[in-house]
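For clarity, every value in this text was computed on a predicted model and none was experimentally measured.
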Amino acid sequence: SAEAGGAVRLADAEGAARATLEAGAAGLPKLEMADAGAAVQVRLEVRENGTPSLSLWDAASNTIRAWLDLSPDGSTQLGLYDTAGKLRAMTGIDTASIPFLKLLTADSKNRACLFAEEGGDVGLDFRDAENRSVLALRTSSDMRPYLSMADASFVSRVWLGVNSDDWTLL
């Protein structure tokens, strides 16, 4: 049924609102789908910056559990939240078309990152609380593997890999 302000409401057989489609104050569309208790579980909207966003909500705790966004810079991201509503993992494709996967702590700090760069470099970085790489396992663009470790001052102290002559360096 249509409501004041142009919103469209979809109700179940008992009359409980199960979905609402509306144009917000800026005229941007938003679709929300709810469970039988009227708790929003899915939200699809166009944000004020003109980009789409899809979010999934835990009805019992009213916390976001996942989102999928297209950012104004052209990157795409998928975020996954724990039961407390803390962002714990992100994956996407950044503005340089590099796919990535980030694992975050409960305070949303990036602690591990897996990526594949356009030139062929592939890597897995383990990071400290300030997002500095302390351990890196990577392959170069010609697929030669190497391992790098940094000390507490973030000075590279260990490097193990294969150089251009195909022999191992320590």
Side-chain angles (χ1 to χ4, degrees), residues 24 26 28-33 39-170:
L28 299 170
K30 177 170 63 172
L31 171 64
E32 291 184 336
M33 291 179 265
V40 173
Q41 291 187 320
V42 178
R43 180 178 292 142
L44 176 61
E45 62 188 322
V46 175
R47 295 175 296 189
E48 288 185 14
N49 62 18
T51 61
S53 179
L54 172 68
S55 56
L56 305 178
W57 294 76
D58 180 342
S61 63
N62 193 33
T63 56
I64 189 168
R65 295 302 304 278
W67 52 255
L68 175 62
D69 284 344
L70 176 62
S71 297
D73 62 11
S75 63
T76 55
Q77 298 177 3
L78 169 67
L80 301 174
Y81 292 75
D82 64 17
T83 56
K86 302 285 186 175
L87 182 62
R88 299 304 302 271
M90 285 178 50
T91 188
I93 302 195
D94 70 12
T95 57
S97 297
I98 297 171
F100 65 87
L101 170 64
K102 295 179 180 180
L103 303 178
L104 301 105
T105 58
D107 59 353
S108 298
K109 296 203 182 262
N110 181 15
R111 297 310 293 267
C113 185
L114 176 64
F115 60 90
E117 294 180 344
E118 187 174 331
D121 294 358
V122 177
L124 173 61
D125 283 356
F126 294 92
R127 300 172 178 270
D128 73 349
E130 304 304 318
N131 201 29
R132 296 174 292 202
S133 180
V134 294
L135 175 66
L137 177 60
R138 298 186 180 179
T139 60
S140 61
S141 58
D142 56 0
M143 298 310 289
R144 287 189 306 247
Y146 67 91
L147 173 71
S148 173
M149 291 183 242
D151 65 15
S153 300
F154 302 98
V155 174
S156 182
R157 296 292 183 188
V158 176
W159 189 93
L160 174 65
V162 179
N163 73 4
S164 59
D165 296 327
D166 290 332
W167 54 279
T168 303
L169 298 174
L170 283 175

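In this structure, CE in Met149 is found 10.0 Å from CG in Leu137, a value given to the nearest 0.5 Å. Distance check: Trp67 CH2 to Met90 CE gives 4.5 Å after rounding to the nearest 0.5 Å. Rounding to the nearest 0.5 angstrom, the gap separating the OG atom in Ser75 from the CG atom in Asp94 is 7.0 Å. Here CG of Leu54 is found 9.5 Å from CD of Glu45. Values are rounded to the nearest 0.5 Å. Taking CZ from Arg111 and CG from Asn131, the interatomic distance works out to 9.5 Å, rounded to the nearest 0.5 Å. In this structure, the separation between CG on Leu56 and OG1 on Thr63 is 11.5 Å, given to the nearest 0.5 Å.
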- [ ] Could you go through the side-chain contact (heavy atoms from CB on, under 4.5 Å) check for Ile98 and Glu117 one step at a time?
- [x] CA-CA 5 Å; Ile98 297 171; Glu117 294 180 344; 3.9 Å; yes

TODO: For the pair Leu160 and Tyr146, evaluate side-chain contact (heavy atoms from CB on, under 4.5 Å) and give the outcome as yes or no after the intermediate values.
DONE: CA-CA 5 Å; Leu160 174 65; Tyr146 67 91; over 6 Å; no

TODO: Assess whether side-chain contact (heavy atoms from CB on, under 4.5 Å) is satisfied between Gln77 and Ile93, documenting all intermediate values.
DONE: CA-CA 7 Å; Gln77 298 177 3; Ile93 302 195; over 6 Å; no

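Nearest heavy atom pair, residue Ser55 against residue Trp57, reads OG-NE1, 2.9 Å. Contact between Leu124 and Arg138 at its shortest, heavy atoms only, is N-CG, 4.5 Å. The minimum heavy-atom distance linking Ala66 with Leu80 is given by the pair CB-CD2, 4.0 Å. Pro72 and Asn49 make their closest contact through CG-ND2, 3.2 Å (heavy atoms, listed as atom of the first residue, atom of the second, distance). In plain terms, the two heavy atoms of Val40 and Glu32 that are nearest each other are CG2-OE1, 3.7 Å. Smallest separation of non-hydrogen atoms from Asp125 and Ser133: CG-OG, 3.8 Å.
Side-chain atoms of Thr91 come within 3.5 Å of backbone N or O of Phe100 as a donor-acceptor pair. The backbone N or O of Ala112 lies less than 3.5 Å from no partner atom in the side chain of Arg127, so there is not a single donor-acceptor pair. The backbone N or O of Asn62 sits nowhere less than 3.5 Å from a side-chain atom of Asp58 that would complete a donor-acceptor pair. Side-chain atoms of Arg157 do not come within 3.5 Å of backbone N or O of Asp151 as any donor-acceptor pair. Distance alone, capped at 3.5 Å, places no donor-acceptor pair between the Arg43 side chain and the Lys30 backbone.
Looking at heavy atoms from C-beta onward, Leu87 lies out of side-chain contact with Ile64 at the 4.5 angstrom threshold.
Salt bridge annotation for Asp128-Lys109: absent, with no cationic side-chain nitrogen under 4.0 angstrom from a carboxylate oxygen. We find that Asp69 and Arg47 are joined by a salt bridge, their nearest charged nitrogen and carboxylate oxygen being less than 4.0 Å apart.
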